[in-house]
Amino acid sequence: NSYWGTRNRITNFLSDWIRHAQNYTFLAYQNPPEHYQIRWWQIVRWLDYWMPSYYPVTRLWDVHHAYQVAAATEADIIFHLVGATERETTSKTSSATLAESKARLRSHFQELSELTRRKPRADLAEHAYLLDIADRIRHRILAVELQRGDFPTAASNAARALRSITGISTIVQLIQAIGSEKLVRHYSYNNLSKASVFSHLMRISFPAPEDTPEEFKQRVLSAKISESKLIQFAFYAPQWVNYVEHALGWAGFTDAVWWIHAHTKDTSWSVEHDVRETWEAQISERTPLSTKSLIDGAVDVAWFLQFWKRLKKERWQQLYDLAQFASSSGGHQRARLFADAMLGNLEASAIRDRITQKRHQDSVRALGLLPLPKGKKREKELLDRYQLFQEFLRTSKQFGSQRQASEKLAVEIGLENLARTAGFIDPQRLQWAMEAAAIADLVSQSQTITIDTVSVSLSINSLGEPEITISKAGKSLKSIPAAIKKNPQVQALTNRKQDITKQASRMRISLEQAMC
């Protein structure tokens, strides 16, 4: 125990010293002399072999510089990128079994990840031979993995580290090989199952420059891949959606997939950054709404109606049923909720219950998307929805500041949706129209209730403020008599006065903002 404790302390000290020296070398020597490079290469390789730590001290640039002066070979570069780790399996491994322990498989391939990105870093892209070596390694990893069974292979960890692959041939083989297993929608650390590794490879796949939709269609038909599998793949890796649309022959399919992705409540942090960038670029070409607005829950109604007219109802249902593959958990439910609202597949009463009883914020957003009834019921329904939004906003003050902010945002988007549905230019004009409609019956005359000899009247004065007047047998009273104060009609009148007072406050703020 004393031996291994001393050895570990020495190993940690040397590793820390090497990393410090590497940082210093980077700052002091941009082009170190050849004999420095050779000597440095020999030191770090010796330390990695004889004094192994969890992370090797050798860096890619150490091998690169040694390769430039012929001290290292191409095999050294390949071994550095994907070779077996040189860390001992246990702290008590004897020297006799040290060589055997060196064959332990690696799980970290950070530098291979950087080299296999769609857009490698500028400092790596300057060295074409490194990208060429990484490409050959990538092809070898894929060749090994595509032949695997249920158990991981020596290439499985490295396959999870790849950041991009290309080509129709590879993707068709992956879809075939995964068979009846489901695509893994969430990130699972160190999961080397066949479904997990192949799902990752599909997610980071892209068409090669020479690939065509027609070639994809022929390969898919030849492989007898089902419509359901193709739709799942299109949601899971939408960078292929144009190719899938051509194979299916469904007009509007591409826009439908991108619309669902755009309105899915999922930031997709488990998805590779380069892939997310591609998705965001495709979505931005199709909607004026920003990425932030879409995440907040804004809805592009015009975009939905555009593809809905071209996509058959039964095909939309297939997309609706498989939309789960656009998110890592339940984020697709938001897109489906918005679509159901616009198509009139939801009951307004059910949405109202979710808002008032569960304070469901996406239901607030969806309420504004529900089609309005025609005729006389239209104005009443429009006013009822508007007042529900205002009440939801008012009652949010009982919660903390963070929840208040999120509920206020939900109401703002709900009003935007309602304004578009009702044909208003913007939510502010909707607000003015609804506030005017709410007091239309009080503008020309007061509302009066008479109980026995007492009359209670609610009216709007010259300043636009609500006021209640009370009289008994023709004589004015300062307050409502206690005998009728709890009368339901009287309470309704006083409650309405409070509502109009709040309304005046809202309108004052709205008009001040408009003036600013």
For this session: Report yes if the distance between the aromatic ring centroids of Phe216 and Trp240 is under 6.0 Å, otherwise no.
Result: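 Ring-ring flag for Phe216/Trp240: true, centres closer than 6.0 Å.
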Exercise. So, Tyr129 versus Tyr67, ring centres under 6.0 angstrom or not?
Worked result: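 Here the rings of Tyr67 and Tyr129 have centres that are less than 6.0 Å from each other.
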Mutual orientation of the aromatic rings belonging to [X] and [Y] [parallel < 30°, tilted 30-60°, perpendicular > 60°]:
| X | Y | value |
| --- | --- | --- |
| Trp259 | Trp316 | perpendicular |
| His263 | Trp303 | tilted |
| Phe304 | Phe307 | perpendicular |

For this session: State, to 0.1 Å, how close Leu294 and Ala262 come at their nearest heavy-atom pair, and which atoms those are.
Result: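 Closest approach of Leu294 to Ala262, heavy atoms only: CB-O, 3.5 Å.
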Exercise. Would Ser196 and Arg160 count as a side-chain hydrogen bond (donor to acceptor under 3.5 Å, both in side chains) if you check the C-alpha gap in whole Å, the side-chain angles of each, and the deciding distance to 0.1 Å?
Worked result: CA-CA 9 Å; Ser196 179; Arg160 288 298 300 262; 2.7 Å; yes
Exercise. Would you call Arg136-Asp132 a salt bridge at under 4.0 Å N-O?
Worked result: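 Salt bridge between Arg136 and Asp132, a charged N being under 4.0 Å from a carboxylate O: yes.
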Exercise. So, are Arg203 and Glu272 salt-bridged, with charged N and O less than 4.0 Å apart?
Worked result: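 The answer is no: the pair does not qualify as a salt bridge.
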[X] side-chain N/O to [Y] backbone N/O, donor-acceptor pair under 3.5 Å:
| X | Y | value |
| --- | --- | --- |
| Asp48 | Arg45 | no |
| Tyr243 | Pro207 | no |
| Ser205 | Met202 | yes |
| Ser284 | Glu280 | yes |
| Arg163 | Arg118 | no |
| Thr116 | Ser164 | no |

Exercise. Distance from Asn417 atom CG to Met342 atom CE, nearest 0.5 Å?
Worked result: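 Asn417 CG to Met342 CE: 8.5 Å, rounded to 0.5 Å.
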Problem set entry | Gln282-His261 side chain donor-acceptor pair, cut-off 3.5 Å |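 Note: Gln282 and His261 side chains miss the donor-acceptor criterion.
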For this session: Evaluate whether atom CG of Asp150 has more than 12 neighbouring non-hydrogen atoms of other residues, nucleotides or ligands under 6.0 angstrom away.
Result: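 Atom CG in Asp150 is not crowded, with 12 or fewer foreign heavy atoms closer than 6.0 Å.
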Exercise. Is there side-chain contact between Leu319 and Phe253, with at least one heavy-atom pair below 4.5 Å?
Worked result: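 The answer is yes; the side chains approach within 4.5 Å.
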